[in-house]
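In the text below, chain A, chain B and the rest are named by the order of the sequence lines, each starting its count at 1.
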There are 2 protein chains.
Amino acid sequence: MIVASMMESRQKALADSALFSGLPKPLLRNLADIAQEKQYRRGETIFLEGRISGGFYMVMQGQVKILKMSLDGKEQILYILGAGEPFGITPVFHGKGFPASAVSMTASTALHFPKGAFLALVAAHPELTLAVLSALCLRMRRLSTQIESLSLKDAPMRLAAHLLYLAEQQGNTMHVTLNIPKKQLANLLGTSPETLSRIFAEMSADGLLRVKGKRIELLRIEELKNQTG
Amino acid sequence: MIVASMMESRQKALADSALFSGLPKPLLRNLADIAQEKQYRRGETIFLEGRISGGFYMVMQGQVKILKMSLDGKEQILYILGAGEPFGITPVFHGKGFPASAVSMTASTALHFPKGAFLALVAAHPELTLAVLSALCLRMRRLSTQIESLSLKDAPMRLAAHLLYLAEQQGNTMHVTLNIPKKQLANLLGTSPETLSRIFAEMSADGLLRVKGKRIELLRIEELKNQTG
DNA sequence: ATTGTTCCTTGATGTATATCAAGAATTGAG
DNA sequence: CTCAATTCTTGATATACATCAAGGAACAAT
């Protein structure tokens, strides 16, 4: 019975994910069958850039960051992923190793879909590919936007854009809650914690926002939009 | 007869492309049938970021750059594409507008695959989706690498990495030929033409390379690799 | 060849942001 | 609750890079 209920919860998680939602129930069942559940501690590395892939993952609980690391230890976060979001997909369809590393930011649970079993499922159910395609296209869009940000915007612009993104995502134009520590936010925005802190201070002084720990009140959202560039 | 030979050349171009090579001949024929050939002048815009897509493209002759532009006119190049390389794919599978703009860098010819006809073909031939998936995964890898470069490497490192990339692509470790003007190279590397010029000057002074117009002699390739970070 | 255009280089200057350092605040583990 | 560890802030300094400006080189068209 325990096993049965685990399968249930997996199937539900799959049905709730952007990637697999909309697929017929039997197929969800198949997917749940081939997946293995894995646990990770906060800070634990899930996989390292360059390693050969055995399959892809989907976050069930917690948060996972996908990142590039430099030799001297600096990191650039590519994505921060939450429940229902897949990662490590590209090696499944392109061979080669992982293009970036994955680290769990909290205690977390993920489903692992072994490459072979998944590809077999794909072969039998072409509609699966379309789902994957759509998800990848969304990711590409995000990567393109990030390149644009890093290259064409300065740090305050990038922060402003991110805050507006959070506001939209959280459905609240008055205040947003940072879902990650500021040090990680700095890594995501491609700047240093010190600079980020100073930008927050400056924006506060300008009356654009008010910072209370992870809670940020957006006082002049229109001005923020202008800051965006 | 003219029409027939045009179809022939198209089919050959498709068979030579990384995207469609390996597909059965009849399918290539179908693809060639739905494609429309388009001509572009040097500097002509093929599509603008944000516009609704009618389909995707593939370069037949010439070079096309895919880029993001800032309000004040600066540009960041995402890819430079040559014969056989597709572009504008993501909107086909994800709805939404183009995530970036496309501009022809030379007089060029491209095939245009209308969205509807292509999706119909995909529905009938699932192996097409796998081809597209593989191509997208490769692109994602490139984008990830570019983010890493912009964020974690300085301009000399980025240039060194690019030169080594060209050397590998051109199969010659002694000298490489820039396939684009240096101003465009600066836009690709996320720096200014002035800075790029200075970096070339410095590397020349250090005896790492010698610049003769678009031809660059790599004198100490190992040192260049170290530069990369 | 000659002219106009684009492309490239070099110099002088300014600025955004990284880095180093140290203290303050928050967090989490026992 | 308390102490250690992490996270955050603020200040002082350094630097990579952009920008402005102008001269020179390569290139295309006539």
Side-chain angles (χ1 to χ4, degrees), chain A residues 41-43 62 65 70-77 103 105-107 149-160 177-206 209-216 227 229, chain B residues 41-44 63 65 70-77 103-107 149-160 177-206 209-216 227 229:
Chain A
R41 292 183 306 278
R42 175 183 133 93
K65 61 180 174 183
S70 73
L71 293 179
D72 53 324
K74 279 186 296 187
E75 70 179 51
Q76 170 65 46
I77 296 177
V103 173
M105 300 180 74
T106 63
S149 287
L150 286 171
S151 167
L152 302 177
K153 300 181 200 256
D154 59 20
M157 284 167 155
R158 299 203 288 273
L159 174 58
T177 305
L178 299 180
N179 49 355
I180 51 173
K182 296 204 181 72
K183 182 183 173 183
Q184 301 297 324
L185 179 57
N187 287 339
L188 180 62
L189 296 179
T191 187
S192 67
E194 294 95 330
T195 297
L196 180 63
S197 186
R198 279 183 251 269
I199 295 169
F200 268 130
E202 177 128 353
M203 285 182 170
S204 297
D206 293 352
L209 46 75
R210 196 172 301 156
V211 183
K212 292 173 195 153
K214 295 211 175 311
R215 197 150 192 83
I216 295 168
Q227 285 262 332
Chain B
R41 293 181 306 278
R42 178 180 131 95
E44 185 174 353
Q63 279 178 321
K65 61 180 173 183
S70 72
L71 293 178
D72 53 325
K74 279 187 296 188
E75 71 180 49
Q76 170 65 46
I77 296 177
V103 173
S104 181
M105 298 179 74
T106 62
S149 288
L150 286 171
S151 168
L152 301 177
K153 299 178 199 267
D154 60 20
M157 285 167 154
R158 299 203 290 271
L159 174 58
T177 306
L178 299 180
N179 49 357
I180 49 172
K182 295 205 182 73
K183 182 183 172 183
Q184 301 296 324
L185 179 57
N187 287 338
L188 180 62
L189 296 179
T191 188
S192 66
E194 293 95 331
T195 296
L196 180 62
S197 184
R198 279 182 253 266
I199 295 170
F200 268 128
E202 178 129 352
M203 285 182 169
S204 298
D206 294 351
L209 46 75
R210 196 172 302 154
V211 183
K212 293 173 194 152
K214 295 210 178 307
R215 197 151 190 82
I216 296 169
Q227 285 261 333

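Here the P atom of nucleotide C:dT19 and the CG atom of A:Asp72 are 8 Å apart, to the nearest Å. Note: CG (B:Leu196) to P (C:dC7) measures 14 Å, nearest angstrom.
Listed for the B:Gln63 side chain is no donor-acceptor partner under 3.5 Å among the backbone atoms of B:Ser104. Side-chain N or O atoms of A:Glu75 include none that pairs as donor or acceptor with a backbone N or O of A:Ser70 at under 3.5 Å.
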Got a list of protein N/O to nucleotides 28-30 of chain D N/O distances below 3.5 Å?
none

Protein-nucleic acid N or O pairs under 3.5 Å, nucleotides 6-8 of chain D:
unit_1: D:dC8; atom_1: OP1; unit_2: A:Lys182; atom_2: N; d: 2.7
unit_1: D:dC8; atom_1: OP2; unit_2: A:Lys182; atom_2: N; d: 3.3
unit_1: D:dC8; atom_1: OP2; unit_2: A:Lys183; atom_2: N; d: 2.8

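For B:Arg198, taking side-chain heavy atoms from C-beta onward, the closest of the listed nucleotides C:dG11, C:dA18, D:dG11 is C:dG11. Among the nucleotides D:dC17, D:dA18, D:dG11, the one closest to any side-chain atom of B:Ala155 is D:dC17. Distance from the side chain of B:Asp154 is smallest to D:dC17 among C:dT19, D:dC17, C:dA16.
Using a 4.5 Å cut-off on side-chain heavy atoms (C-beta onward), A:Val211 and A:Lys182 make contact. Proximity of A:Leu150 to A:Arg158: side-chain heavy atoms (C-beta onward) are separated by under 4.5 Å at one or more points.
Once rounded to the nearest 0.5 Å, the distance linking CD1 of B:Ile199 with OG of B:Ser204 reads 11.5 Å. Of the inter-residue distances, the one linking A:Gln184 atom CD with A:Leu189 atom CG reads 11.5 Å to the nearest 0.5 angstrom. Separating the CG atom in B:Leu159 from the CD atom in B:Glu202 is a distance of 11.5 Å, to the nearest 0.5 Å.
Counting atom types as modelled, A:Glu194 pairs a side-chain N or O with a base atom of C:dC20 as donor and acceptor under 3.5 Å.
More than 12 heavy atoms of other residues, nucleotides or ligands sit less than 6.0 Å from atom CD of B:Glu44.
B:Gly43 comes within 4.0 angstrom of nothing in the nucleic acid, heavy atoms only. Note on B:Lys212: nothing from the nucleic acid sits closer than 4.0 angstrom, heavy atoms only.
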*Residue pair A:Thr177, A:Arg215: steps toward the side chain to side chain donor-acceptor pair (under 3.5 Å) verdict*: CA-CA 5 Å; A:Thr177 305; A:Arg215 197 150 192 83; 2.8 Å; yes
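At the phosphate of D:dC17, neither OP1 nor OP2 sits under 4.0 Å from any side-chain N or O atom of B:Ser192. For D:dA18, the OP1/OP2 oxygens have a side-chain nitrogen or oxygen of B:Thr195 closer than 4.0 Å. Taking only side-chain nitrogens and oxygens, B:Thr191 comes nearer than 4.0 Å to OP1 or OP2 of D:dA18.
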